[in-house]
Engineer: 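Can you read through this structure? Questions will come right after.
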There are 4 protein chains.
Amino acid sequence: MTDSTRTRARGADKRRRLMAAAAQVLHEQGVERTTIADIAEAAGVPVGNVYYYFKTKDELVLAALSEHAGHLAELTAELDRLPDPRARLKAMVEAWVSRRDVAARYGCPTGTLAVELDKRAEGGLDVEAGRVVRLLLDWSERQFRELGLPDADDLALTFVGAYQGMSLLASALREPEIMSRQGARLTRWLDSLGDAPA
Amino acid sequence: MTDSTRTRARGADKRRRLMAAAAQVLHEQGVERTTIADIAEAAGVPVGNVYYYFKTKDELVLAALSEHAGHLAELTAELDRLPDPRARLKAMVEAWVSRRDVAARYGCPTGTLAVELDKRAEGGLDVEAGRVVRLLLDWSERQFRELGLPDADDLALTFVGAYQGMSLLASALREPEIMSRQGARLTRWLDSLGDAPA
Amino acid sequence: MTDSTRTRARGADKRRRLMAAAAQVLHEQGVERTTIADIAEAAGVPVGNVYYYFKTKDELVLAALSEHAGHLAELTAELDRLPDPRARLKAMVEAWVSRRDVAARYGCPTGTLAVELDKRAEGGLDVEAGRVVRLLLDWSERQFRELGLPDADDLALTFVGAYQGMSLLASALREPEIMSRQGARLTRWLDSLGDAPA
Amino acid sequence: MTDSTRTRARGADKRRRLMAAAAQVLHEQGVERTTIADIAEAAGVPVGNVYYYFKTKDELVLAALSEHAGHLAELTAELDRLPDPRARLKAMVEAWVSRRDVAARYGCPTGTLAVELDKRAEGGLDVEAGRVVRLLLDWSERQFRELGLPDADDLALTFVGAYQGMSLLASALREPEIMSRQGARLTRWLDSLGDAPA
DNA sequence: GATGAATGAGGCTTCATTCAT
DNA sequence: AATGAATGAAGCCTCATTCAT
């Protein structure tokens with residue numbers, strides 16, 4: 001391994017650590033209340049060095065968004081191995097409910113980020129947040145379409161909206177049980193949706 | 001009108017203007033990105049004078065929350081004049097949809113405030129935001145209970161959650177139509193709920 | 001009693017209350033940490049009204065100084081009724097020790113005021129503080145001179161200096177006993193000073 | 001000298017400069033009338049940069065106190081090289097008198113700081129000021145004890161109290177001679193104290 | 001004379017970003 | 001690439017003083 005390779009590897013590692021730290025800390029504290037120093041510390045990187053990897057704070061937010069997108073991609077990839085689209089959707093609900101404690105404390109990472117970023121038009125971060133939200137919508141819509149249901153796009157909005165809504169309420173009221181109970185309702189709803197007529 | 005009445009009126013007026021300005025600006029820009037100067041300007045009050053009415057920025061946020069609570073109280077008071085609880089709920093949905101443009105730009109005032117305030121434990125503003133959210137939940141629960149439905153509390157969570165979810169998605173995607181379409185679905189869902197068995 | 005008399009009486013009363021409040025609050029909190037509002041509140045006078053009686057904060061400080069001077073004048077007038085100058089000095093020490101708790105908390109009113117005012121050349125308040133300090137020095141010197149002792153001025157400096165020193169130490173260490181113990185020493189010292197040679 | 005050494009040296013140097021500036025400016029102007037900007041300017045440091053070294057103004061005050069404590073430690077270390085405790089005490093008086101001009105203008109640094117800090121209970125700075133005062137008391141007590149005198153603690157209080165008192169009077173009256181004359185008296189008093197009985 | 005309200009300067013502190021090495 | 005230190009623009013808040021009745 002040459003010096004430059006090792007350096008590149010170490011550099012890439014730092015970058016990855018910064019992204020992960022940004023994703024977590026920004027989720028927990030929100031964008032405005034999080035300082036670059038917070039993220040640097042969480043990543044174990046000296047403050048001054050952050051700017052070598054990310055030119056501005058906005059780029060770190062962007063990185064956090066893409067990190068969340070990555071997590072979602074991993075999850076959907078795994079769920080896509082299930083043969084039945086309905087089972088996939090139900091497994092998604094299960095995944096949400098399993099993270100109920102985090103949701104009840106900090107809300108849905110993507111959703112809360114979107115809420116905060118929507119309040120500023122400049123920088124285009126709001127658009128990027130919308131893009132990540134849409135990833136989940138698109139995946140959901142795909143499942144509903146595979147089920148042969150009409151208005152799959154609306155069903156996806158209802159599905160994801162329910163998740164965002166229960167996360168918001170769970171965190172506003174600090175009650176993880178809201179995730180469990182509303183998750184169960186969501187599952188029942190999925191079951192109640194008729195398959196494509198034969 | 002006596003002198004003191006006039007003075008008091010002016011003072012109270014300014015206070016009210018500050019509350020209204022705080023409610024609006026904080027909704028549009030978020031808590032952290034809004035400066036006292038922003039609110040002062042929106043209310044037409046010199047910055048230094050704000051502190052005569054509100055000792056801290058947090059008190060202004062609190063005032064905004066109570067302003068939103070007031071708006072909600074007005075709305076529910078009006079809806080309560082309808083004889084049928086189901087009609088009340090449907091009218092609530094209509095009210096939400098009618099404000100679709102604001103929702104698609106800035107989200108639900110109470111919901112987005114709650115999201116932002118939940119990220120800071122200090123000050124108790126998070127609890128206060130939860131309290132306002134609960135006002136709507138309680139009103140909704142009351143309607144479901146009047147309809148004689150079981151699990152009125154869960155139904156309320158579903159109902160309000162759907163609203164929060166569609167608001168979030170509408171604003172994340174900047175599509176007011178999401179409010180209309182999901183509003184229609186919500187109305188249909190309300191219609192589908194059976195009355196109390198005779 | 002005419003209206004104007006009553007008004008003047010009420011006005012004079014307010015003025016007196018403000019002076020007393022200024023003397024107390026400025027002693028307890030120091031000049032810089034005391035706001036006009038603090039003094040107004042302590043006096044039970046609306047803030048805006050203070051300026052009718054005192055044009056600036058400095059004038060209030062001046063008033064406090066003269067209040068303290070008044071207290072001292074009262075005390076010395078009383079002590080002067082004692083026939084023996086040594087007895088007068090010893091009674092003065094007793095008076096100091098009797099106020100040991102206040103001294104241990106806030107120091108000597110005049111002394112601490114002088115310390116704070118000496119740090120600013122402008123306004124002449126420092127000079128005024130010195131004048132009040134000198135009142136006590138002059139009285140003491142008179143006693144020593146009546147005792148027929150040489151260097152009465154130096155003895156007065158030693159006497160008053162001892163008082164200022166023990167007050168400072170008592171308050172810095174928060175130990176009222178320092179006043180008692182050093183007061184006893186001071187009394188013994190007074191006793192040890194020979195009378196004028198016959 | 002390596003790069004990091006140089007950087008560290010520069011950083012440490014700035015810190016030291018800030019401490020020295022804080023000690024001096026706070027002594028001359030008092031805590032409340034001194035702004036961070038004053039200290040920064042005296043140290044030749046940009047205001048914003050001060051916060052890299054001291055997180056709050058209180059920390060700067062603390063630093064000033066420890067600076068004064070350092071000065072005292074240096075002085076006593078030097079005096080401790082004298083074989084005779086009485087000579088040490090007399091040399092201490094000489095040191096005080098030699099700084100009579102500063103004392104007559106701004107008082108004893110530690111004493112005046114203690115006076116001001118005692119007026120605020122919060123932050124614990126008052127306690128810290130007391131601690132520094134006690135350093136001098138403890139050293140003095142040690143000398144009196146070495147002389148074999150009874151009540152060394154009371155003698156120390158008298159000794160240090162006399163110093164604080166004369167400093168206060170000298171600065172209140174703006175007369176450096178007070179330091180000289182009372183210093184001479186203090187020296188004579190030290191001479192008059194009997195040694196331990198053989 | 002009395003009083004609540006208004007004003008504006010100034011102080012403390014934070015932090016994104018840049019610099020020097 | 002790495003890093004401690006530097007910079008300066010805000011932002012929040014306080015308060016002496018003044019104003020308008």
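Chain identifiers are assigned alphabetically (A, B, ...) following the order of the sequence lines, protein sequences preceding nucleic acid strands; residue numbering begins at 1 within each chain. Everything numeric in this text was worked out from a predicted model, so none of it was measured.
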Engineer: So do the side chains of A:Y53 and A:L60 get within less than 4.5 Å of each other, counting heavy atoms only?
Structural biologist: no
Engineer: Name all pairs fulfilling the side-chain hydrogen bond (donor to acceptor under 3.5 Å, both in side chains) condition that reach into residues 27-38 of chain B, sequence neighbours left out, sorted by first residue then second.
Structural biologist: A:E32-B:R33, A:R33-B:E32, A:E122-B:R33, B:Q24-B:E28, B:Q29-B:T34, B:T35-B:D38
Engineer: Where does DNA chain E pair, written as one dot-bracket string 5' to 3', with Watson-Crick or G-U pairs under 3.5 Å, ( ) inside the strand, [ ] for crossing pairs and | for another strand?
Structural biologist: .||||||||||||||||||||
Engineer: Between atom CG in B:L18 and atom C1' in E:dA6, what is the gap in whole Å?
Structural biologist: 13 Å
Engineer: Can you check the B:L60 CG to F:dC13 P distance for me, whole Å?
Structural biologist: 9 Å
Engineer: Can you measure D:K57 atom NZ to E:dT14 atom P for me and round it to whole angstrom units?
Structural biologist: 15 Å
Engineer: Could you tell me if the side chain of C:L18 sits less than 4.5 Å from the side chain of C:F54, heavy atoms only?
Structural biologist: yes
Engineer: Answer yes or no: is there a side-chain heavy-atom contact under 4.5 Å between A:N49 and A:K14?
Structural biologist: yes
Engineer: Side chains of D:M19 and D:S66: does their closest heavy-atom pair fall under 4.5 Å?
Structural biologist: yes
Engineer: Counting C-beta onward and ignoring hydrogens, is there a side-chain heavy-atom pair between D:D58 and D:R120 closer than 4.5 Å?
Structural biologist: yes
Engineer: Just compare F:dT18, E:dT18, F:dC13 and give me whichever is closest to any side-chain atom of A:Y51.
Structural biologist: E:dT18
Engineer: Apply salt bridge (charged side-chain N to carboxylate O under 4.0 Å, His left out) to A:R105 and list each qualifying residue two or more places apart in sequence or on a separate chain.
Structural biologist: none
Engineer: Mind checking whether D:L113 and D:V132 have side chains closer than 4.5 Å, heavy atoms only?
Structural biologist: no
Engineer: Does any part of the side chain of B:K119, heavy atoms only, come nearer than 4.5 Å to the side chain of A:T112, both counted from C-beta?
Structural biologist: yes
Engineer: Has D:Y53 got a side-chain N or O lying under 4.0 Å from the OP1 or OP2 atom of F:dA6?
Structural biologist: yes
Engineer: Take the protein atom CG of B:D58 and the nucleotide atom P of F:dG11, then report the distance between them rounded to whole Å.
Structural biologist: 17 Å
Engineer: Is there a residue in residues 21-40 of chain C whose heavy atoms reach under 4.0 Å of DNA chain E, and which residues are they?
Structural biologist: none
Engineer: Mind calculating the distance between CZ (B:R17) and P (E:dA5) to the nearest angstrom?
Structural biologist: 14 Å
Engineer: Applying ring-ring contact (aromatic ring centres under 6.0 Å, His included) as the test, list every pair that has at least one member in residues 110-129 of chain B; sequence neighbours left out.
Structural biologist: none
Engineer: Using atom P in both nucleotides, what's the gap between F:dT21 and E:dG1 to the nearest angstrom?
Structural biologist: 23 Å
Engineer: Side-chain contact, heavy-atom cut-off 4.5 Å: B:E128 with B:L62?
Structural biologist: yes
Engineer: Rounded to the Å, how far apart are B:D13 CG and E:dA5 P?
Structural biologist: 12 Å
Engineer: May I have the distance from B:E41 (atom CD) to E:dG8 (atom P), rounded to whole angstrom?
Structural biologist: 15 Å
Engineer: Within the sub-3.5 Å range, which N or O atoms of nucleotides 7-9 of chain F have a protein N or O partner, and how far apart are they?
Structural biologist:
none

